[in-house]
Amino acid sequence: MVREKLLDLLKRAKPTLGPISRDAVNLSWILEMHSWSLQTGVYTFQSLERSSFLPMVDGHLLGSLEDSFDMLSFYRTTKNALVHTFKLSIPLELPLRKANPIWINLESLSFNLKEFFRKIEDFGTTGFVEVEDRIKKERGCIFLYNGLVVSAKVGEEESDTALKRILRSLSENACLLNIYELNHITLEFLLSKPKLLSYFWDFEEAERFLKEISKRHASLTALLVSVSLHEYGYRMYMDGEVIYEEGFDTEALFFEIYVIKSFMELNFLKPEDYISEHEKIKVLKSDEKSTIIYFCPACWSIVSQKDITCPNCGYDLTEFHNMPYEYKLLMGLEHPVVEMRMNVIHTVGVKDLKEAIPQLEYMINRESNPMLLMAVVDALAKMSHPEALDLLRKLAHHTYPIIRSRAKYALEKKLTGGRRSPAV
């Protein structure tokens, strides 16, 4: 049943990597790339006889690799979708919805850590900052209420202990940082120690169960979470009635029911107490003298072609230097430093690298940085594949006017063979 359900789902989804022929793939390099970038998703191994699946959670492969296959693909997924589908004996994650990212121009802050939190407070953001430490290979969250820090979490650590750990990562290691918005009541619910009551495959069955529980326990507040392949959605109930909904999908894979008896009082934390005045978010600059960019796949720092180990984190670079250039480009699309990613996006466009198109599409769906999105438009405009043209059409309807305009011009130029010039 699980295999059939997953097969049907993946037939309608697009892979973030692949499909790649067995003869053209170095599986160990792909696994290493996904391990260091803390990927969660599923590998599909396809042959004429059968298809098989192998889950990866936060960069950890859960199972044994296939000995033989014809084609390989990788699909990003939510962690909870994998836990339910494969019956994994690992805890479910707090279902944090990541559909509303906000963009803060770190360059304008000179990467100052205290200034970053001042900017967050000025914005009055309610939601969370997600920080991926690419050296420690761990992910943590700082939770915000009207711009103020109210909690933090890394693994089993919470509150001040977790906050100090995340701040240390931001100042010492190369990190990927994203900021997401949440509704106030949803954030308060998720910080109030919700208990997973049950989960269902069928929406109507889940809602019926939830309403029965609400009638018997009037003091409970319940959150029904739709667990899809790529996203979570929320529907909150009080006394059996829906009081809030966001991104809820009645056709989702699974439905989780969380309950709390009462909302906890928020405890405001002070990140500035743990940050020195001139402490900066660590970023690594490229070598302007080099015509080819070499970087460490572990910490993403710039390395020399002659380096055997990374001078920053000690990672063994022996195999990395022998890796095909195209694989380095695909890995570079995950780089945490925007300038580096833009360089790689430009290069995959110039090289017309079809294998990069799924990752460019993923950026289109997830990124909010307009400079990076413009780089994606320019790269797609250089590519010859029909899929690139489809993505340009999608970008021509983007919410940012500047992206729409750039994509429409690129489309017109490609479709008319470059005969028309932009209006002055």
Side-chain angles (χ1 to χ4, degrees), residues 8-21 39 41 44 71 73-78 97-103 178 180-181 228-231 233 246-249 251-252 326 329-335 338-424:
D8 181 63
L9 181 69
L10 296 182
K11 283 178 182 176
R12 294 180 276 118
K14 288 187 177 181
T16 50
L17 181 66
I20 304 175
S21 168
Q39 292 297 321
T44 66
M71 303 293 288
S73 299
F74 180 77
Y75 298 80
R76 284 191 180 98
T77 72
T78 55
R97 180 169 165 77
K98 301 178 184 178
N100 296 315
I102 64 173
W103 177 52
N178 287 296
Y180 300 94
E181 291 183 303
S228 300
L229 188 68
H230 300 300
E231 190 55 88
E246 183 182 6
F248 191 81
D249 181 9
E251 303 296 323
E326 288 74 13
L329 289 174
L330 292 175
M331 292 173 69
L333 290 171
E334 299 280 351
H335 203 287
V338 173
E339 293 93 334
M340 291 295 296
R341 242 187 308 171
M342 289 174 66
N343 285 337
V344 177
I345 292 168
H346 169 76
T347 306
V348 300
V350 171
K351 292 184 69 67
D352 200 12
L353 189 61
K354 184 178 181 180
E355 290 81 2
I357 290 178
Q359 285 175 271
L360 294 179
E361 182 177 20
Y362 184 81
M363 288 184 191
I364 291 169
N365 293 334
R366 299 288 176 174
E367 290 288 348
S368 57
N369 185 329
M371 297 302 294
L372 193 144
L373 288 170
M374 283 193 286
V376 172
V377 171
D378 293 343
L380 292 170
K382 294 181 176 71
M383 302 176 85
S384 62
H385 311 290
E387 296 88 345
L389 201 62
D390 292 339
L391 291 183
L392 281 174
R393 291 191 178 99
K394 182 175 182 178
L395 284 163
H397 299 281
H398 198 273
T399 53
Y400 292 169
I402 192 171
I403 304 302
R404 289 199 302 270
S405 175
R406 203 178 187 97
K408 286 175 182 177
Y409 170 60
L411 265 176
E412 182 181 15
K413 192 173 179 181
K414 285 180 74 71
L415 294 174
T416 60
R419 292 189 300 272
R420 300 180 66 178
S421 300
V424 177

Q: Any pair with a residue in residues 345-357 that passes salt bridge (Lys or Arg N to Asp or Glu O under 4.0 Å), sequence neighbours left out, goes on the list, sorted by first then second residue, please.
A: Lys354-Glu387

Q: By the salt bridge (Lys or Arg N to Asp or Glu O under 4.0 Å) test, which pairs, at least two apart or in different chains, include something from residues 364-377?
A: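 Sorted pair list: Glu231-Arg366, Arg341-Glu367.
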
Q: A side-chain contact here means heavy atoms from C-beta on lying under 4.5 Å apart; do Met363 and Ile345 qualify?
A: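 Answer yes - side chains close enough.
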
Q: Could you tell me which non-hydrogen atom of Leu392 sits nearest to which non-hydrogen atom of Val377, and how far apart they are?
A: CD2-O, 3.8 Å

Q: Just jot down the side chain to side chain donor-acceptor pair (under 3.5 Å) partners of Asp378, sequence neighbours excluded, or say none.
A: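 Once residues adjacent in sequence are excluded, the partners of Asp378 under the side chain to side chain donor-acceptor pair (under 3.5 Å) criterion are Arg406.
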
Q: Would you please name every residue forming a side chain to side chain donor-acceptor pair (under 3.5 Å) with Arg393, sequence neighbours left out?
A: Asp390

Q: Working to the nearest 0.5 angstrom, can you tell me the gap between Asn365 CG and Leu360 CG?
A: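 Between atom CG of Asn365 and atom CG of Leu360 there are 11.0 Å.
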
Q: For the CG atom of Leu389 and the CG atom of Leu415, what is their distance to the nearest 0.5 Å?
A: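 One finds 5.5 Å between CG of Leu389 and CG of Leu415.
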
Q: Which atom names give the shortest non-hydrogen contact between Thr78 and His230, and what distance separates them?
A: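 In terms of heavy atoms, the two residues are closest at CG2-C, 3.5 Å.
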
Q: Within this structure, what is the OG1-CE distance for the pair Thr347 and Met342, rounded to the nearest 0.5 Å?
A: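 Here the rounded value is 11.5 Å.
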
Q: For the CG atom of Leu380 and the CG atom of Leu391, what is their distance to the nearest 0.5 Å?
A: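 So the gap between those two atoms works out to 5.5 Å.
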
Q: Report the residues that fulfil side chain to side chain donor-acceptor pair (under 3.5 Å) with Arg97, sequence neighbours left out, ordered by chain and then residue number.
A: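 Side chain to side chain donor-acceptor pair (under 3.5 Å) list for Arg97, sorted by chain: empty.
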
Q: If the condition is salt bridge (Lys or Arg N to Asp or Glu O under 4.0 Å), which residues does Lys394 pass it with, not counting sequence neighbours?
A: none

Q: Which residues pass the side-chain contact (heavy atoms from CB on, under 4.5 Å) test with Ala356, not counting sequence neighbours?
A: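 With sequence neighbours excluded, Ala356 shows a side-chain contact (heavy atoms from CB on, under 4.5 Å) to Leu330, Leu333, Val348, Leu353, given in chain and number order.
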
Q: Does any pair with a residue in residues 369-398 pass ring pair (Phe, Tyr, Trp, His ring centres under 6.0 Å), and if so which ones, sequence neighbours excluded?
A: His398-Tyr400

Q: How many angstroms lie between atom CD1 of Ile102 and atom CG of Asn369, to the nearest 0.5 angstrom?
A: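 The distance works out to 12.5 Å.
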
Q: Which atom pair, heavy atoms only, marks the closest approach of Ile357 to Ala388?
A: CD1-N, 4.1 Å

Q: Going by salt bridge (Lys or Arg N to Asp or Glu O under 4.0 Å), name the residues that satisfy it together with Lys408, two or more places apart in sequence or in a different chain.
A: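 In terms of salt bridge (Lys or Arg N to Asp or Glu O under 4.0 Å), with neighbours along the sequence ignored, Lys408 is linked to no residue.
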
Q: With sequence neighbours excluded, what pairs up with Pro358 under the side-chain contact (heavy atoms from CB on, under 4.5 Å) test?
A: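 Result, side-chain contact (heavy atoms from CB on, under 4.5 Å) vs Pro358: none returned.
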
Q: Please report the shortest heavy-atom distance between Ala396 and Ala407, naming the atom on each side.
A: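 What the structure gives for the nearest pair is N-CB, 3.6 Å.
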
Q: Does Thr416 use its side chain to pair, donor to acceptor, with the backbone of Glu412 at less than 3.5 Å?
A: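 Checked: pair present.
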
Q: Heavy atoms, side chains only, cut-off 4.5 Å: are Leu411 and Leu395 in contact?
A: no

Q: Applying side chain to side chain donor-acceptor pair (under 3.5 Å), name anything that partners Lys382, two or more places apart in sequence or on another chain.
A: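 Not a single residue meets the side chain to side chain donor-acceptor pair (under 3.5 Å) criterion with Lys382.
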
Q: Can you give me the closest heavy-atom contact between Gly41 and Thr77, atom names plus distance?
A: CA-OG1, 3.6 Å

Q: Compare every heavy atom of Phe74 with every heavy atom of Gln39, then report the nearest pair and how far apart it is.
A: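 Of all heavy-atom pairs spanning Gln39 and Phe74, the closest is CB-CZ, 4.0 Å.
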
Q: My understanding is that only residues two or more places apart in sequence, or in another chain, count here; which of them pass ring-ring contact (aromatic ring centres under 6.0 Å, His included) with Tyr362?
A: none

